[in-house]
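Numbers restart at 1 for each chain; the letters A, B, ... are given by sequence-line order, proteins then strands.
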Amino acid sequence: MTAIQQSNAATSGSGSGNLYDVLELILDRGLVIDAFVRVSLVGIEILKIDVRVVVASVDTYLRFAEACNRLDLESGRKAPNQLTDLVGEATESGAKGKSKGALTGAVEAFSESLQKGQEDSAEEEERPARKSSATSSRRTARRRED
Amino acid sequence: MGTYLYAITAAGHPLRLSGLDGVGDPAAQLRTVRTKDLCAVVSDAPPELRAKRRDVAAHQGVQECLLADGAALPMRFGLVGADDAQVAAVLEQDRDSYLRRLAEVDGCREYHLKVARDEDDLLREIMRESAEVRRLNDRTRRNPGAYDDRMALGELISQEVQARQERDRSDIVARLAPAAVRAADAEATKSHFLSVSFLVEREKAAAFSEAVHEEAGQRGDTYTFSLHGPLPPYSFV
């Protein structure tokens, strides 16, 4: 079975799942006019950097080597159904999943603070806090791989 | 204070703004800045604006409603001019290019496609096809202390991963491009090797979606396709 999901944002509602999915477009694209100031959006530039692929770092090499060592060659293509589970969750939390790597932490932390909505002060979180939560989830991810 | 900018439309746009909220808490009231040919949808800029859920949703909501009635150029979140007079001056000054871009995106919406591939599946494929990877993998499994070999293994896999993802990316984009007006490639993320926006004419949306489903079907179950849209044409303004 092929995994595909589609959202239709056309009509009025902007649900949180949908908002998460278009977040990078709203923050990263769209028309920018030189003469105007961009409000200082704490964390945005960091977010942009963190979601990019990190190319050819020692970290990446070692992670790949570990993943390769752990790989069960025999189980091969016999277990495709975990993937469908993952897909079901993808709208809510694009960052979860064991093979998605270390850098997604920042995105996840960010989307959580978005999804929390109006009610509390957690959304006022300063960048250092967000940063440290990203770091800790990065560490967790690595520990899980060990 | 300043003037927060949401979108630019042609002067003839119906601009039904009642009931729509602007950014900030309490939500700012939307208003328009008009010149002869163009119109900017703006509000007062709230102090210390941040990318909170409420504000990003308000920004997106204004775009969606404007686009339901006609062409609009979506602004990036967080764009603030000094005051309404500066906004009007910018509309006058770049009038021609805004009108041109409005015509380009008229009747079109953005569809954003992300594709991921199960990493274990990709690693198995690399292992099957490279004797050197198998050799290094065996050696590092038996001898976990062999740091240089682990680095060499990782580097080799990394190169293979990139080459394969690059090939998949251009294959997929090439097959979908004919169904769209334009494509705007975005950088891959850690979780998705492909993240591309397509500008699609409204009448051809179904055909485009069909093409994506077909491509997903052919790729099989280790690939995950996520298609989002229709969206404001953020990537094409």
Side-chain angles (χ1 to χ4, degrees), chain A residues 1-10 12 14 16 19 21-23 25-27 29-33 35-39 41-44 51-53 56 58 60-65 67-69 71 73 76-77 80 83 86-87 90 94-95 99-101 103-104 114-118 123, chain B residues 5 8 45 49-54 56-57 59-61 64 73-81 86 90 112 118-120 123-124 127 133 137 140-141 150-151 153-155 157-158 161 187-191 209 213 216-217 219-231 234-235 237:
Chain A
M1 177 197 127
T2 300
I4 183 161
Q5 75 188 78
Q6 181 166 7
S7 78
N8 283 295
S12 52
S14 294
S16 63
L19 192 61
D21 292 320
V22 300
L23 186 62
L25 297 180
I26 301 171
L27 299 179
R29 317 274 187 93
L31 190 59
V32 179
I33 297 172
F36 290 7
V37 180
R38 282 205 71 194
V39 184
L41 294 167
V42 179
I44 300 300
V51 296
R52 299 284 137 83
V53 179
V58 168
T60 312
Y61 290 174
L62 291 178
R63 197 183 68 76
F64 272 137
C68 209
N69 279 180
L71 206 58
L73 292 172
R77 324 183 123 218
L83 194 70
L86 258 180
V87 175
S99 60
K100 301 264 171 83
L103 280 176
T104 51
L114 273 177
Q115 283 169 0
K116 235 166 251 164
Q118 289 98 325
E123 64 177 7
Chain B
L5 198 59
I8 295 175
L49 181 66
R50 308 263 290 277
K52 293 174 208 160
R53 178 182 189 276
R54 171 183 64 230
V56 176
H59 184 93
Q60 167 80 355
E64 300 274 350
L73 302 178
M75 299 293 139
R76 189 179 295 186
F77 183 89
L79 206 60
V80 173
Q86 188 197 17
V90 166
H112 189 68
D118 180 60
E119 187 177 89
D120 285 356
L123 292 179
R124 277 191 200 98
M127 200 107 76
V133 167
N137 191 40
T140 50
R141 252 184 183 167
R150 281 209 296 155
M151 285 295 285
L153 173 62
E155 184 173 2
I157 294 173
S158 185
V161 166
E187 284 180 58
T189 67
K190 192 74 183 174
S191 44
S209 169
H213 276 80
R219 289 274 158 183
D221 53 12
T222 57
Y223 287 78
T224 307
F225 281 60
S226 309
L227 181 63
H228 297 289
L231 300 164
Y234 286 111
S235 310
V237 294

Visitor: Under a 4.5 Å heavy-atom cut-off, does chain A meet the side chain of B:L73, its backbone, both or neither?
Guide: side chain
Visitor: Can you tell if the side chain of B:L153 reaches within under 4.5 Å of the side chain of A:N69, non-hydrogen atoms only?
Guide: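 Heavy-atom side-chain distance check passes, below 4.5 Å.
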Visitor: Would you check if A:I33 and B:I8 make a side-chain contact, meaning some heavy-atom pair closer than 4.5 Å?
Guide: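 In contact.
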Visitor: Which distance, rounded to the nearest 0.5 Å, do you find between the CD of B:E155 and the CG of A:L62?
Guide: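 B:E155 atom CD to A:L62 atom CG measures 11.0 Å (nearest 0.5 Å).
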Visitor: Could you tell me which non-hydrogen atom of B:V161 sits nearest to which non-hydrogen atom of A:F64, and how far apart they are?
Guide: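 Where B:V161 meets A:F64 most closely, the heavy atoms are CG2-CZ, 3.9 Å.
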Visitor: Could you pull out the closest heavy-atom pair between A:C68 and B:V133, with the gap in Å?
Guide: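 Answer, listing the atom of A:C68 first, then B:V133: SG-CG1, 4.3 Å.
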Visitor: In Å, rounded to the nearest 0.5 Å, how long is the span from CD of B:E119 to CZ of A:R63?
Guide: 4.5 Å
Visitor: Nearest heavy-atom pair of B:R76 and A:I26: which atoms, and what distance?
Guide: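 Looking at all heavy atoms of both residues, the shortest contact is CG-O, 3.5 Å.
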Visitor: How far apart are the closest heavy atoms of B:M151 and A:Y61, and which atoms are they?
Guide: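 It is CE-CD1, 3.7 Å.
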Visitor: Find the distance between CG (A:L31) and CG (B:L79) and round it off to the nearest 0.5 Å.
Guide: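 The CG atom of B:L79 is 7.5 Å from CG of A:L31, to the nearest 0.5 Å.
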Visitor: Measuring heavy-atom distances to chain A, does B:V80 have an atom under 4.5 Å in its side chain, in its backbone, in both, or in neither?
Guide: both
Visitor: Grab the two heavy atoms, one from A:T60 and one from B:S158, that are nearest each other, plus how far apart they are.
Guide: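 Closest heavy-atom pair between A:T60 and B:S158: CG2-OG, 4.5 Å.
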Visitor: Measure the spacing between CG of A:L71 and CE of B:M127 and express it to the nearest 0.5 Å.
Guide: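 Between atom CG of A:L71 and atom CE of B:M127 there are 4.5 Å.
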Visitor: Which atom pair, heavy atoms only, marks the closest approach of B:V90 to A:A35?
Guide: CG2-CB, 4.1 Å
